[in-house]
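Here's the structure we're looking at; comments come further down.
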Amino acid sequence: VSVLLLRAGLALLAWPIYLLSFLGIWEPFCRKVFFPFCLEKLSGVHDKKSKKHKQELFRNLPDFRGPSGELRLLEIGTGSGSNFQFYPPGCKVTCTDINPHFQEGLTKNMKKNQHLHYEKFLVAAGEDLRQVPSGSVDAVVCTLVLCSVHSVSSTLREVLRVLRPGGAFYFLEHVAAEHSSWTYFWQQVCFPTWKLAFAGCCLTRELWKNLEEAKFSELKIQRISVAMPWMPIEPHIVGYGVK
């Protein structure tokens, strides 16, 4: 009852967004203007909080170079390219995102990280990477993206399809908190309005279960805390799986 009452109160505070959504105006505005703007601002804070975790996560990326000695990397949900700084020199990067409206931030980060080779940018959802040939990449990276895909299991199937045998999938995602915690309580309260305001981002996904059900031959998952001021996304998981 408390959750429902607080949800109603939050929806009342956010009534302009609900009205614009009802009129069909919010979604295109969110994708083109609001979400790219917010993500760029939030990414700056999140990157500072998670920098040491990302440095540790991507440290062994060079170990997954292909037989040719090159590292072909596909990033799902590239956004503005905040992960580029962590990729090893000479890495060949293919960027994908369902939202093509991150060009300003993406261009800026590409110029800052000229140690990489940028191959192409594909407008594609994580569940449908048909533009990427099967077994064609050595590593797939996905950070703060699985929270908003329509189907986590379909996305992971596509990840496994495009990876070569022996390739790796790297992830860092916010997840549902422990069910007995106050964080989970507030995640439930914020869920509907948060999902509407932030382009489908779900606060209560238990993504470790999806990863454990996927057919990785090796899977390393670590639970970490990334505290964001006034935001119910502190619990995260980080790790990689090998095909």
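As the structure is a prediction and not an experimental result, all values here were calculated from the model. In this chain, residues are counted from 1 in sequence order.
Contact of the L39 side chain with the S80 side chain is not registered, since no non-hydrogen atoms from C-beta on lie closer than 4.5 Å. The side-chain heavy atoms of V137 and L163, taken from C-beta on, include a pair separated by under 4.5 Å. Between V159 and C142 the shortest side-chain heavy-atom distance does not fall below 4.5 Å. Residues R157 and S154 meet the side-chain proximity criterion, which asks for heavy atoms closer than 4.5 Å.
With hydrogens and angles ignored, the 3.5 Å screen pairs a side-chain donor or acceptor of Q187 with a backbone N or O of V175. A donor-acceptor pair under 3.5 Å links the side-chain atoms of S181 to the main chain of Y184, judged by distance alone. A donor-acceptor pair under 3.5 Å is absent between the side-chain atoms of R72 and the main chain of K92, judged by distance alone. The main-chain N or O of V145 is found under 3.5 Å from a side-chain atom of E173 such that the two form a donor-acceptor pair. Side-chain atoms of R205 come within 3.5 Å of backbone atoms of L146 as a donor-acceptor pair (strictly under, hydrogens ignored). For the pair S21 (side chain) and I17 (backbone), a donor-acceptor distance under 3.5 Å is absent. Distance alone, capped at 3.5 Å, is enough to place a donor-acceptor pair between the T96 side chain and the E75 backbone. The closest donor-acceptor contact from the side chain of D138 to the backbone of R65 lies at 3.5 Å or more, if one exists at all.
Here OG1 of T78 is found 13.0 Å from CD1 of I98. Values are rounded to the nearest 0.5 Å. Here the straight-line distance linking atom CZ of R59 with atom CD of Q55 works out to 10.5 Å at 0.5 Å rounding. Rounding to the nearest 0.5 Å places CZ of F121 at 5.0 Å from CG of D97. Taking CG of L144 as the reference point, atom NE2 of H236 lies at 5.5 Å (rounded to 0.5 Å). Atom-to-atom distance recorded for E119:CD and C91:SG is 9.0 Å, nearest 0.5 angstrom. Here the straight-line distance linking atom CG of N83 with atom CZ of F58 works out to 4.5 Å at 0.5 Å rounding.
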Exercise for review: Give the intermediate values and the outcome of side chain to side chain contact (heavy atoms under 4.5 Å, CB included) for residues H179 and E206.
Suggested key: CA-CA 11 Å; H179 287 201; E206 298 176 333; 2.8 Å; yes

Check your understanding: Going through the checks in order, is the salt bridge (charged side-chain N to carboxylate O under 4.0 Å, His left out) test met by E212 and K209?
Key -> CA-CA 5 Å; E212 288 167 354; K209 294 182 179 179; over 6 Å; no

Practice item. Would you check, one step at a time, whether the test side chain to side chain contact (heavy atoms under 4.5 Å, CB included) holds for K112 with N109? Key: CA-CA 5 Å; K112 284 171 60 178; N109 273 316; 4.0 Å; yes

Check your understanding: Are I221 and F171 close enough, and set up right, to give a side chain to side chain contact (heavy atoms under 4.5 Å, CB included), and what steps lead you there?
Key -> CA-CA 9 Å; I221 300 180; F171 55 87; 3.8 Å; yes

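When the shell of 6.0 Å around CD of E27 is examined, it contains 12 or fewer heavy atoms from other residues, nucleotides or ligands. In the displayed structure, H101 atom NE2 is contacted under 6.0 Å by more than 12 heavy atoms of other residues, nucleotides or ligands. Around the CD atom of E218, the shell of radius 6.0 Å holds more than 12 heavy atoms that belong to other residues, nucleotides or ligands.
Placement of V132 and V140 within a single hydrophobic cluster is found when ILVMFWY residues are connected by side-chain heavy-atom separations under 4.5 Å, directly or transitively. Cluster membership for V149 and I233, using ILVMFWY side-chain heavy atoms within less than 4.5 angstrom, is not shared. L160 and F169 end up in the same hydrophobic cluster when Ile, Leu, Val, Met, Phe, Trp and Tyr side chains are linked at under 4.5 Å. Linking Ile, Leu, Val, Met, Phe, Trp and Tyr residues whenever their side-chain heavy atoms come within less than 4.5 Å places L122 and V162 in a single cluster. F37 and M231 fall into different hydrophobic clusters, where Ile, Leu, Val, Met, Phe, Trp and Tyr side chains are chained together by heavy-atom contacts under 4.5 Å.
Between Y18 and W15, the ring center distance fails the sub-6.0 Å criterion. If you look at H46 and H174, their ring centroids are not closer than 6.0 Å. In this structure, the ring of F185 has its center less than 6.0 angstrom from the ring center of W182.
The aromatic rings of F35 and F198 stand perpendicular to each other, their planes meeting at an angle above 60°, with 30° marking the opposite boundary.
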